[in-house]
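The structure appears below as structure tokens.
Quick note: numbers below take in every heavy atom, side chains included, and nothing from hydrogens, waters or symmetry partners.
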Amino acid sequence: MGRGKFHGTLEKRPGRFGLELHPEKTRLIELGRFAMADRKARGERRPESFGFLGSAHYCRETRIGEFGLGRKPMPKRVGRTLRRIKEALRRRMRRDRREVVEWLGRVVGGWLNYYAVPAAYPSLARFVQLLKGMWRKALLRRSQKGRVSYAGPGPSLKRTR
């Protein structure tokens, strides 16, 4: 199927469901098993990425050198989520620590359930690391002693003397 026929079909299909494509946001990009090699042969940079449902999709090479589709949370979404969590932590500052940890665990669990796909681990680990830092800062704000350290893995923290 040629590009023209494909594009025509692509424009008509969402109409059946009462949807329409945004002309400025819809375009064909080179993506797939041969996209990296083809672009390299033409002297072009790596294939472009695109965002869909909060994830950035891009071409990558697997450990054994094969094509892989990489997905990771879009940085804009990560930043927005972290800002919202920070505000929520401020609102929950005077609540029981265990209650806040349970809430934070549900937030992290939901985030990981949505974004956890193969090859997204570094991005997700960074998100969790930033979240732990925010939780630690929130605990330090609660205390006037300023001595809080991690008790081990997970977002729970333990006070030291």
Counterpart residues, side-chain contact (heavy atoms from CB on, under 4.5 Å), relative to [X] (two or more places apart):
| X | value |
| --- | --- |
| M134 | L82, I85, K86, L89, L131 |
| R90 | M93, R141 |
| R83 | R80 |
| L19 | P14, F17 |

Please enumerate all residues that pass ring-ring contact (aromatic ring centres under 6.0 Å, His included) together with F67, with sequence neighbours excluded.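 Residues passing ring-ring contact (aromatic ring centres under 6.0 Å, His included) with F67: none at all.
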- Message: I'd like to check the salt bridge (Lys or Arg N to Asp or Glu O under 4.0 Å) partners of E87; sequence neighbours left out, ordered by chain and number.
- Response: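 Residues passing salt bridge (Lys or Arg N to Asp or Glu O under 4.0 Å) with E87: none at all.
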Legend entry - Qualifying residues under salt bridge (Lys or Arg N to Asp or Glu O under 4.0 Å), relative to R84, sequence neighbours excluded: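 So R84 forms no salt bridge (Lys or Arg N to Asp or Glu O under 4.0 Å) with any residue.
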Problem set entry | Minimum heavy-atom distance between A56 and M74, given as atom pair plus value |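 Where A56 meets M74 most closely, the heavy atoms are N-CG, 3.6 Å.
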Honestly curious: do Y115 and L53 fall in one hydrophobic cluster under the side-chain, below-4.5 Å linking rule?
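Linked, Y115 and L53 end up in one cluster.
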Notebook entry, point to check: Are Y114 and V128 connected in the hydrophobic side-chain network, where two residues link if heavy atoms are under 4.5 Å apart?
Noted result: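 Yes, Y114 and V128 fall within the same hydrophobic cluster.
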### Query
Do side-chain atoms of H22 reach the backbone of E20 as a donor and acceptor pair under 3.5 angstrom?
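Judged by distance alone, no pair lies under 3.5 Å.
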Review point. Would you say Y121 has more than 12 foreign heavy atoms packed within less than 6.0 Å of its OH?
Key: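 12 or below, so no.
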Could you work out, with side-chain hydrogen bond (donor to acceptor under 3.5 Å, both in side chains) as the rule, every residue matching R42, not counting sequence neighbours?
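With neighbours one apart ignored, the set is E30, E44.
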Is NZ or CZ of K72 both nearer than 6.0 Å to the six-membered ring centre of Y58 and within 45° of the ring axis?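 Yes, a cation-pi geometry holds between K72 and Y58.
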Inset, instruction - Working to the nearest 0.5 Å, report the span between NZ of K137 and CH2 of W135. - result: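 Those atoms lie 15.0 Å apart.
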Determine all donor-acceptor pairs shorter than 3.5 Å in which one atom belongs to a side chain in residues 102-113; sequence neighbours excluded.
residue : atom : partner : partner atom : Å
N113    : ND2  : G109    : O            : 3.2

